[in-house]
Protein chains: 2
Amino acid sequence: MRPDQPARGPRPAFSRAQLTEAALRVADAEGLDAISMRRLATEIGSGTMSLYRYVTGKDEVIDLMVDAVAMDFLPPDVPSGDWRADLRALAVQSRRTMHRHPWMARVTATRQSAGPNGVRALDRSLAMVDGLGLSVDAMLAVVGSVIAYVNGYVAAELGEREARRRTGLDVQQWMARQAPYIETLVKTGEYPLFARVVTESGRELMDPDERFGYGLDRLLDGIAASLPVSR
Amino acid sequence: MRPDQPARGPRPAFSRAQLTEAALRVADAEGLDAISMRRLATEIGSGTMSLYRYVTGKDEVIDLMVDAVAMDFLPPDVPSGDWRADLRALAVQSRRTMHRHPWMARVTATRQSAGPNGVRALDRSLAMVDGLGLSVDAMLAVVGSVIAYVNGYVAAELGEREARRRTGLDVQQWMARQAPYIETLVKTGEYPLFARVVTESGRELMDPDERFGYGLDRLLDGIAASLPVSR
DNA sequence: GTACAACTGAGTACACCGTACTCGGTTCTC
DNA sequence: GAGAACCGAGTACGGTGTACTCAGTTGTAC
């Protein structure tokens, strides 16, 4: 990493913080693909190559974005004492944050956040399950499995939304476009259960929040049952 | 979709199947980013734009790839009767397949596979938990949560590997490069549990397979406990 | 047997992208 | 005031996806 304030020379025209702020603004509004060095430069009012004075490349921009957002779902400093409530809140909060920053899921799925905020978040997450009689390794496995579930669930959730957003169609139009294909699939008779899902989903089943909570609670149930001393 | 064999005109020089085969070969060996229309064209020995006779665009190429691989982890036609063993096998098999095709996790995380093989896989997965007294909706939630966990876990797993692969360093060099940064984090004393992870991970804790199985079993435990009639 | 329509592969061109390298001008330290 | 250090910007290169055009080939219908 490069120093934030230089010793000599003219004062920088902007800061890394402003750069990340601009990047977040663009990505939140138009998706991750809208981010390019040229775009960020015009957004910030500077030359394209000037950005490379502040950042080694595009990858570092994304690292900065991730770490900035990581602050948003930083768990509280000290655990409440109820590990289950804490883990659940962590999951719900993570999902909420990823919904607010839809590009996030695509990134965190592939790249672990090793920035200061990311490490702090991990540390506090581990603290939630400390003192339950688990080894450090088991603690990692517990926290990791919850995070894996959240990331996987939200990624799938946002995948569909992203696909829709890219085509520029609204929900109605998009479903209308998919309908004939789904119809042919159902008509083949080869996918009986899929067909049941399609026909019964008319009366809107579980809403997404509920479904997310369902799997999460099953996971937490299983973790609770496996603790050395049940609490 | 366009017809596979045209009525009139010269016989096509290649087929969609050959195109997907080439794409899979490239992606498996060099990663998803190595795939470009120009690259695929030279790989197949044709002009770049000729590909667009077979495929609407790059997105469809990837759809075809996903559906081709989906065949690899197609669950058996008829469930064994042991839903838990079936779901577990599905998860393990999915993970194995994604390891064989490392680009897969990045794609399935974001885009659901709606091709024929993908739908068939979903259908058979649902069949595993049919007849357990669950509503179609609950069945979707159960299967979906397992898939979410697998996708999330494997994505994280492969993210690190991908990052390493892109730098071209082997495991030793890569860890050596990260070491000083981790050291400084530990030395701050602000991340006590993270520090414990680092210091205790010297004696190689759980191996990845075990850790994957740990979270998976917790999830399945929780699902089992929530079934209307325990089996 | 021939005309014609359909279809083929290939080429050209455009608007993007990330970033290596270079240069003149500004500002701080000594 | 002299000089080093650092700034912003510009140019250029090799890549990307794909819209559009065009000559050539092939099957079918008469």
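Side-chain atoms are counted along with the backbone in the values below, which use heavy atoms only and exclude waters and symmetry mates. Proteins get letters first, then strands, A, B, ... in listed order; numbering begins at 1 in each. Note that the coordinates shown come from a computational prediction; the quantities given were computed from them, not determined experimentally.
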Sugar-phosphate means primed atoms, P, OP1 and OP2; the rest is base. With that split, encode nucleotides 13-22 of chain D 5' to 3' as B, S or - using protein heavy atoms under 4.0 Å. ---BBBBB-B
Pairs satisfying ring-ring contact (aromatic ring centres under 6.0 Å, His included), at least one member in residues 11-46 of chain B, at least two apart: F14(B)-Y54(B)
Taking salt bridge (Lys or Arg N to Asp or Glu O under 4.0 Å) as the definition, give me every residue that meets it alongside D59(A), ordered by chain and number, with sequence neighbours left out. none
Between L51(B) (CG) and dC7(C) (C1'), how many Å, whole number? 17 Å
Atom CD1 of I62(A) and atom C1' of dT19(C): how far apart are they, to the nearest Å? 15 Å
Partners meeting side chain to side chain donor-acceptor pair (under 3.5 Å) with R124(B) (sequence neighbours left out): none
Any idea how Y149(A) and Y153(A) line up, ring-wise: parallel (<30°), tilted (30 to 60°), or perpendicular (>60°)? tilted
Whole-Å gap separating P (dC7(D)) and CZ (R16(A)): 12 Å
Under 4.0 Å between a side-chain N/O of Y54(B) and OP1 or OP2 of dT8(C), yes or no? no
For D28(A), the salt bridge (Lys or Arg N to Asp or Glu O under 4.0 Å) test, sequence neighbours excluded, returns none
Looking at every strand, decide which applies to S50(A) at a 4.0 Å heavy-atom threshold: base, sugar-phosphate, or nothing. base
Under the salt bridge (Lys or Arg N to Asp or Glu O under 4.0 Å) rule, collect the residues that match up with D123(A), sequence neighbours excluded. none
Which pairs count as salt bridge (Lys or Arg N to Asp or Glu O under 4.0 Å) when at least one residue sits in residues 87-105 of chain A, sequence neighbours excluded? R88(A)-D217(A), R95(A)-E157(A), R95(A)-D209(A)
Which residues within residues 22-31 of chain B lie with some heavy atom under 4.0 Å of an atom in DNA chain D? none
Side chains of residues 19-27 of chain A: which donor-acceptor pairs under 3.5 Å do they make with residues two or more places apart or in other chains?
residue	atom	partner	partner atom	Å
T20(A)	OG1	R16(A)	O	3.1
T20(A)	OG1	A17(A)	O	2.7
R25(A)	NH1	E43(A)	OE2	3.1

